[in-house]
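Computed from heavy atoms alone, side chains included, the values below leave out hydrogens, waters and symmetry copies.
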Amino acid sequence: MSGELSGKVALVTGASQGIGEACAWALARAGATVVCTSRRLSAVEAVAARIVEQGGTAVARALDVTNPEEAAAVVEEVARTLGGLHILVNNAGVTDDQLFVRMKPDSWRKVMATNLDGVFHVTSPAARIMLKQKEGRIITITSVVGLMGNPGQANYAAAKAGLVGFTKALARELGSRNITVNAVAPGYIQTSMTESLTEEQRQRLLATLAIPRLGTPEDVAAVVVFLAGPGASYITGEVINVSGGLYM
């Protein structure tokens with residue numbers, strides 16, 4: 001595969017399925033060498049193998065984003081062995097939904113540890129590498145829930161809202177070194193969870209959208225590739241909603 005990202009190295013967290021896997025495929029199709037990471041190495045090894053079978057360039061690495069030492073070691077090893085790190089896609093995330101009055105501290109900490117702290121752990125070493133290169137794209141998957149809230153997801157909404165502030169602050173710090181920092185905020189995306197909805201539930205959900213269909217992981221990945229490419233060189237500190245008009 002070749003394209004506008006040829007010669008670039010991209011690292012995607014949470015690349016074993018869903019949005020992360022779609023981002024890995026889209027970046028590879030655009031010519032990037034893609035490092036697929038996940039807690040379970042076997043899961044991302046399968047993704048990387050399929051990308052290679054289709055003519056792309058991909059490798060797999062185990063990465064627990066909640067472990068700062070492991071995150072730094074993986075990022076530094078990738079840059080050392082592959083010739084740099086040009087694109088970081090912070091996608092790894094978890095949910096632990098519960099009404100706030102019933103939410104336990106463990107549920108709060110679990111979501112923060114992955115969705116907010118994990119982004120810090122991976123971005124910190126990546127940013128240092130990009131500063132030396134004087135080049136880089138940092139793209140973080142947040143959520144419309146972080147912008148509009150959602151009952152039963154106070155922990156998730158707080159973490160995703162934190163990523164918005166993180167993105168804007170980092171964009172101001174790194175812009176002078178040719179590093180852009182942006183976020184993508186998906187809405188309702190087709191997943192195994194939405195597949196289990198009843199027809200009545202699905203219709204109620206679709207009624208909230210300006211574009212009456214669920215999004216796909218590929219819809220999100222297309223925006224990620226754009227932000228990683230040359231056409232987005234003057235875009236930074238932005239949050240792009242991919243939500244079919246759920247939030248506008």
Side-chain angles (χ1 to χ4, degrees), residues 1-6 8-66 70-71 74-75 78 82 85-95 111 114-115 118-119 121-123 126 137-145 156 160 163 182-196 213-229 240-244:
M1 299 180 188
S2 62
E4 64 182 15
L5 298 181
S6 293
K8 305 298 184 184
V9 176
L11 187 151
V12 182
T13 68
S16 64
Q17 61 183 343
I19 291 172
E21 181 181 2
C23 288
W25 274 97
L27 290 163
R29 290 191 186 99
T33 295
V34 182
V35 183
C36 305
T37 74
S38 176
R39 285 182 177 176
R40 289 194 306 117
L41 181 59
S42 60
V44 283
E45 283 180 330
V47 173
R50 289 194 295 271
I51 290 173
V52 171
E53 287 171 4
Q54 295 298 315
T57 304
V59 296
R61 296 288 187 274
L63 174 56
D64 178 356
V65 299
T66 68
E70 183 176 317
V74 170
V75 168
V78 164
L82 298 181
L85 177 60
H86 309 95
I87 302 158
L88 170 63
V89 180
N90 288 308
N91 168 73
V94 298
T95 58
V111 171
T114 297
N115 296 10
V119 171
H121 296 155
V122 179
T123 305
R137 303 294 173 89
I138 298 170
I139 304 159
T140 298
I141 307 300
T142 179
S143 170
V144 293
V145 169
Y156 186 77
K160 292 298 188 178
L163 294 177
N182 292 290
V184 180
Y188 293 122
I189 303 300
Q190 186 73 50
T191 63
S192 57
M193 181 181 70
T194 55
E195 287 172 0
S196 67
R213 69 168 177 86
L214 296 179
T216 67
E218 290 72 24
D219 290 326
V220 180
V223 178
V224 168
V225 171
F226 166 70
L227 290 172
I240 300 179
N241 294 310
V242 184
S243 67

Between Ser243 and Asn241, a side-chain donor and acceptor under 3.5 Å: no

Residues Glu21 and Arg50 bridged, charged N to O under 4.0 Å: yes

Side chain Arg137, main chain His86, donor-acceptor under 3.5 Å: no

Residues which pass side chain to side chain donor-acceptor pair (under 3.5 Å) with Lys160, listed by chain and number, not counting sequence neighbours: none

Donor-acceptor pair, side chain of Ser6 and main chain of Gly3, under 3.5 angstrom: yes

Under 3.5 Å: donor-acceptor pair, side chain of Asp64, backbone of Arg39: no

Note, Cys36 side chain near Ile51 side chain (heavy atom, < 4.5 Å): yes

Thr13 backbone acceptor or donor facing Asn91 side chain under 3.5 Å: yes

Check: Asn90 and Val122 side chains under 4.5 Å, non-hydrogen atoms: yes

Just distance, no hydrogens or angles: give the donor-acceptor pairs under 3.5 Å from side chains in residues 217-226, sequence neighbours left out.
| from | atom 1 | to | atom 2 | distance (Å) |
| --- | --- | --- | --- | --- |
| Asp219 | OD2 | Arg213 | NH1 | 3.0 |
| Asp219 | OD2 | Arg213 | NH2 | 3.3 |
| Asp219 | OD2 | Thr216 | N | 2.9 |
| Asp219 | OD2 | Thr216 | OG1 | 3.2 |

Ser16 side chain vs Ser38 backbone, donor-acceptor pair below 3.5 Å: no

Whether over 12 other heavy atoms sit under 6.0 Å from Glu70 CD: yes

His121 side chain to Val65 backbone, donor-acceptor under 3.5 Å: yes

